[in-house]
Undergrad: 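Here's a structure for you.
We number each residue from 1, following the sequence as shown.
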Amino acid sequence: MNPKAIQLRDKTGPRKLKTGEETLSPRTDKQIDSLLLMQNRQRETPNKPIRQRRELKAFINSAYYYPFSKSLGKNAVAFVMTMNLVVRDQPSQTENGTFLDPTELVIFAENATTDVTVRTPFMRVTPHEVCQMITIFATAQLIPNVKSISMVGNNGMAEIPFIIPSYEKRDVVVCISPLFVSEQWQNFLLAVHIYKKYGAHMNLYLISAVTSFYELMKEYEKEGYMTIQPWIKVTFPGVPITTADPHNEIEFRNQAACQTDCLLQFKESARFVTFLDLDDVLIPRIAPTYVEEFQKLMDGKNKLAYMTYHKENYDVTTMRDSSKFSLTNMFANLELKHLRETGKIVVDPRNLNYTWIHFPPTLPTGLEKYDVTENVITHLKTIFWTDEQNLNKNNFEPPMYYDNSSAKIISNKEIQELEDGLRKMIERPRINKIYSKLPNNHYYRDLVVNCYNDRYYRYDHAGRIGEMKCPGPHLCGFHQHPKITCMHVNATHIPMKTLHPITYYYAKDPYFTEAEKIVSSVSPSWQVGNVDEKTLALKIPHDQPALRNLKRNFVDVLEFAEDQLEMNRVLAVFEKSRVKATEGFPRTLRYVGFRPYAINNHPASLPADKYFIMSYKA
């Protein structure tokens with residue numbers, strides 16, 4: 001990459017120019033087979049039409065400002081964004097007829113005395129075009145003590161939020177990919193105790209989880225075992241899906257953006273960073289801790305950007321009843337399947353700035369990678385929940401390592417230490433109270449697995465790559481179980497003025513909440529339920545008064561239904577004999593976009609002779 005000139009202006013003096021510092025120049029790395037299969041899809045459709053002058057929309061997942069950085073330099077900013085780059089369009093034209101390079105970002109920053117404008121190229125992190133929404137990374141050096149950062153278009157600019165990343169020293173950070181309608185508390189307890197024991201901090205990205213499981217994770221967060229990081233949905237308020245479709249066209253919960261965010265967040269604090277799923281378990285084999293094993297593997301080799309640990313598949317049977325659950329039982333019921341899957345990487349964060357799901361798309365010049373042969377990840381491929389297990393502790397043998405040697409994955413002593421740690425946590429009154437409420441059936445997991453198999457893996461395994469759709473759980477339809485409540489991440493998404501060639505969007509103030517709690521914030525007498533997988537019904541009393549100071553709460557309900565539950569329609573349901581369509585609360589609903597629902601569209605559970613329904617189309 002050629003360095004770009006940046007414009008630096010002292011607020012009290014004339015403008016002067018400064019040359020930007022050169023960033024890492026990446027080179028193409030050899031892609032693994034699965035990536036080549038994805039790219040085949042592009043070759044199978046070479047005549048895909050290109051829509052001219054399509055508006056580019058970028059969602060800023062994160063923006064970090066580094067006062068100092070061992071790899072990015074002083075006063076650096078780093079962005080992770082999700083952008084509708086497929087298909088890439090022609091650059092937009094400005095008023096004076098010149099063109100702005102659509103492969104660059106233009107950044108304006110200011111402090112108390114100076115401002116600066118910087119042009120910098122962005123890197124594509126997603127190495128394929130199966131999905132419209134692509135993860136990108138960009139970095140640039142700004143000025144000291146930055147107070148504000150704005151993204152610049154040729155017709156204006158938009159100020160964006162940024163944060164300073166963590167500088168707290170850690171040996172190892174384990175970045176857990178985003179959980180979605182998760183109920184796998186057994187996996188969590190196994191993983192979180194293992195990571196703690198061997199010297200790592202778990203940073204877990206969360207979209208939604210069964211409420212009791214979420215409450216359990218919060219208690220572990222309070223005890224310092226891990227951190228829950230809300231993973232906010234990409235949304236472009238007011239933008240039609242014909243322009244940008246983050247619902248159907250984003251890959252695996254935006255996992256590449258998540259992992260790059262985690263890498264940047266701990267770039268200056270962690271000695272090593274690794275990226276795992278919740279069903280991946282890495283146990284050190286050649287050293288007593290993670291940091292010692294990773295350092296031992298890197299010693300004596302050329303400078304490495306990352307190491308790849310391959311995954312060996314195991315089935316595991318575990319207790320569904322939390323009162324009978326034990327980590328010892330999980331280890332006793334691991335069954336090796338003799339099947340290896342694409343692995344996950346461990347990185348030295350000083351040597352890498354971004355990564356895709358399994359590996360970075362490129363290697364920086366002068367750096368190498370290493371395929372680890374000394375150890376593997378234990379991948380809990382299939383998990384069976386059972387009611388009874390018999391464990392003879394006197395004859396218990398730890399699970400065998402995959403290579404048919406006499407080696408064990410873990411020793412009896414280490415298993416007992418993990419079990420002792422679990423029992424110590426369960427004895428805490430707050431955790432003990434939550435523990436009894438943990439789910440004993442995997443309702444959502446089966447839906448997710450079936451959906452993934454139907455929309456993605458069956459094509460992948462059969463080599464029918466051309467039929468593969470952009471993979472992601474947002475394509476799956478989930479019926480809300482009447483007896484299961486979930487916590488969902490929510491946030492305020494900011495509508496933005498259109499800029500050319502790129503409009504930038506962001507969200508702020510993330511929080512977790514239950515749908516029932518959001519509805520109750522408007523009125524505790526309201527009832528909520530699903531009519532179908534895309535329609536939410538609110539049953540409202542006939543004498544509901546005007547909302548007055550609760551208007552914001554009601555808008556939150558509609559936004560939550562659209563953005564988090566991903567509903568297409570919200571129904572307001574009244575008893576027909578006790579309400580008039582043109583008076584009272586039904587009249588109020590007209591002002592926020594509700595309209596009478598056609599009688600012939602009434603669902604069978606809400607017959608037209610008993611209910612009057614108004615509909616809001618999300």
Undergrad: Ignoring hydrogens and geometry, is there a side-chain-to-backbone donor-acceptor pair from Thr126 to Thr135 under 3.5 Å?
TA: yes
Undergrad: Is Arg430 paired with Glu215 through a side-chain N to carboxylate O contact shorter than 4.0 Å?
TA: no
Undergrad: Using 30° and 60° as the class limits, which term best fits the ring planes of His193 and Tyr220: parallel, tilted or perpendicular?
TA: perpendicular
Undergrad: Can you check whether Lys344's main-chain N or O pairs, donor with acceptor, with Thr308's side chain at less than 3.5 Å?
TA: no
Undergrad: Of the non-hydrogen atoms in Thr355 and Val125, which two are nearest, and what is the gap between them?
TA: O-CG1, 3.3 Å
Undergrad: Between Glu183 and Asn441, is the side-chain hydrogen bond (donor to acceptor under 3.5 Å, both in side chains) condition met? List the steps.
TA: CA-CA 9 Å; Glu183 55 204 352; Asn441 285 294; over 6 Å; no
Undergrad: Leu216 and Leu189: side-chain contact (heavy atoms from CB on, under 4.5 Å), yes or no, with the steps?
TA: CA-CA 9 Å; Leu216 178 68; Leu189 289 173; 4.1 Å; yes
Undergrad: Between Asp299 and Gln295, does a side-chain hydrogen bond (donor to acceptor under 3.5 Å, both in side chains) hold up when you go through it step by step?
TA: CA-CA 6 Å; Asp299 286 346; Gln295 191 61 61; 2.8 Å; yes
Undergrad: Quick one: do the Thr82 and Asn254 side chains pair a donor with an acceptor below 3.5 Å?
TA: yes
Undergrad: Drop me the distance from Leu282's CG to Asn375's CG, to the nearest 0.5 angstrom.
TA: 5.5 Å
Undergrad: Do the charged groups of Glu268 and Arg350 touch, with an N to O distance under 4.0 Å?
TA: no
Undergrad: How would you list, by chain and number, every residue that makes a side chain to side chain contact (heavy atoms under 4.5 Å, CB included) with Thr382, sequence neighbours excluded?
TA: Asp315, Phe384
Undergrad: Does the plane of the ring in His493 sit parallel, tilted or perpendicular to the ring in Phe59? Use 30° and 60° as the thresholds.
TA: tilted
Undergrad: Can you tell me how far apart CD1 (Ile426) and CD1 (Ile434) are? Round to the nearest 0.5 Å.
TA: 12.0 Å
Undergrad: Within the distance-only criterion (no hydrogens, no angle test), does the side chain of Tyr65 pair as donor or acceptor with the backbone N or O of Asn145 below 3.5 angstrom?
TA: yes
Undergrad: Has Asn61 got a side-chain atom pairing as donor or acceptor with Cys258's backbone, closer than 3.5 angstrom?
TA: no
Undergrad: Specify the closest pair of heavy atoms between Phe331 and Ile283, including all atoms of both residues, with the distance to one decimal.
TA: CE2-CD1, 4.2 Å
Undergrad: Is the Trp385-Phe325 ring centre distance short of 6.0 angstrom?
TA: no
Undergrad: Where is the tightest heavy-atom contact between Pro246 and Thr235, given as atom of each residue plus distance?
TA: CG-CA, 4.5 Å
Undergrad: Ser436: which residues meet the side-chain hydrogen bond (donor to acceptor under 3.5 Å, both in side chains) condition with it, sequence neighbours left out?
TA: none
Undergrad: State whether Tyr401 and Arg285 meet the cation-pi test: NZ (Lys) or CZ (Arg) under 6.0 Å from the six-membered ring centroid, and within 45° of the perpendicular axis.
TA: yes
Undergrad: Who pairs with Cys175 by disulfide (SG to SG under 2.5 Å), at least two apart in sequence or on another chain?
TA: Cys262
Undergrad: Of Lys337, Arg340, His310, His338, which is the lone residue that meets side-chain hydrogen bond (donor to acceptor under 3.5 Å, both in side chains) with Tyr402?
TA: Arg340
Undergrad: Donor-acceptor pair, distance only, cut-off 3.5 Å: does the side chain of Glu221 make one with the backbone of Met226?
TA: no
Undergrad: How close do Leu72 and Tyr66 get, heavy atom to heavy atom, and via which atoms?
TA: CD1-CE1, 3.5 Å
Undergrad: Against the six-membered ring of Phe266, is Arg271 placed for a cation-pi contact (under 6.0 Å from the centre, within 45° of the normal)?
TA: no
Undergrad: Can you list the steps and then say if Thr318 with Asn329 is a side-chain hydrogen bond (donor to acceptor under 3.5 Å, both in side chains)?
TA: CA-CA 7 Å; Thr318 185; Asn329 239 323; over 6 Å; no
Undergrad: Would you indicate whether the side-chain heavy atoms of Met319 and Met330 approach each other to under 4.5 Å?
TA: no
Undergrad: Determine yes or no for a side-chain-to-main-chain donor-acceptor pair under 3.5 angstrom, with Ser166 supplying the side chain and Ser269 the backbone.
TA: no
Undergrad: Ring centres of Tyr290 and Phe272 under 6.0 Å apart?
TA: no
Undergrad: Indicate yes or no: does Arg428 engage Glu223 in a salt bridge with an N to O separation below 4.0 Å.
TA: yes
Undergrad: Is Lys311 paired with Asp280 through a side-chain N to carboxylate O contact shorter than 4.0 Å?
TA: yes
Undergrad: Is a donor on one side and an acceptor on the other found under 3.5 Å between the side chain of Trp231 and the backbone of Arg253?
TA: yes
Undergrad: Gln184 and Asp279: side-chain hydrogen bond (donor to acceptor under 3.5 Å, both in side chains), yes or no, with the steps?
TA: CA-CA 9 Å; Gln184 297 294 308; Asp279 58 5; over 6 Å; no
Undergrad: State plainly whether the residues Glu374 and Lys296 are in salt-bridge range, i.e. N to O under 4.0 Å.
TA: no
Undergrad: Using the side-chain hydrogen bond (donor to acceptor under 3.5 Å, both in side chains) rule, pick out the option among Glu251, Gln255, Gln259 that qualifies with Trp356.
TA: Glu251
Undergrad: With a 4.5 Å limit on heavy-atom distance, are the side chains of Ser177 and Phe275 in contact?
TA: no
Undergrad: Drop me the distance from Ile60's CD1 to Tyr505's OH, to the nearest 0.5 angstrom.
TA: 11.5 Å
Undergrad: Would you say NZ of Lys303 has more than 12 non-hydrogen atoms from neighbouring residues, nucleotides or ligands within 6.0 angstrom?
TA: no
Undergrad: Short question: side chain of Asp321, backbone of Ser323 - any donor-acceptor pair under 3.5 Å?
TA: yes
Undergrad: Determine, stepwise, if the pair Phe512 / Tyr214 fulfils side-chain contact (heavy atoms from CB on, under 4.5 Å).
TA: CA-CA 9 Å; Phe512 288 96; Tyr214 169 81; 3.5 Å; yes
Undergrad: Can you tell me if Glu427 and Asn432 form a side-chain donor-acceptor pair at under 3.5 Å?
TA: no
Undergrad: When you measure from the centre of the six-membered ring of Phe68, is the NZ or CZ of Lys74 under 6.0 Å away and within 45° of the axis?
TA: no
Undergrad: How long is the straight-line distance from CG of Leu558 back to CE of Met567, given to the nearest 0.5 Å?
TA: 13.0 Å
Undergrad: Hey, what do you get for CG (Leu278) to CG (Leu204), rounding to the nearest 0.5 Å?
TA: 6.5 Å
Undergrad: Can a salt bridge be assigned to the pair Lys413 and Glu417 using a cut-off of 4.0 Å between side-chain N and carboxylate O?
TA: yes
Undergrad: Between Phe213 and Phe188, is the ring centre distance below 6.0 Å?
TA: yes
Undergrad: Donor-acceptor pair, Ser71 side chain versus Asn351 backbone, under 3.5 Å?
TA: no
Undergrad: Can you see whether Tyr370 has Lys301 sitting over its ring - NZ or CZ less than 6.0 Å from the centre and within 45° of the normal?
TA: yes
Undergrad: Does the side chain of Glu159 come under 3.5 Å of the side chain of Tyr506 through a donor N or O and an acceptor N or O?
TA: no
Undergrad: Can any side-chain N or O of Thr139 pair as donor or acceptor with the backbone N or O of Ala78 at less than 3.5 Å?
TA: no
Undergrad: Indicate whether any N or O donor in one side chain lies under 3.5 Å from an N or O acceptor in the other, for Ser62 and Asp261.
TA: yes
Undergrad: Determine whether the aromatic ring centres of residues Tyr225 and His201 are separated by less than 6.0 angstrom.
TA: no
Undergrad: Roughly how far, to the nearest 0.5 Å, is OG1 of Thr211 from CG of Leu438?
TA: 11.5 Å
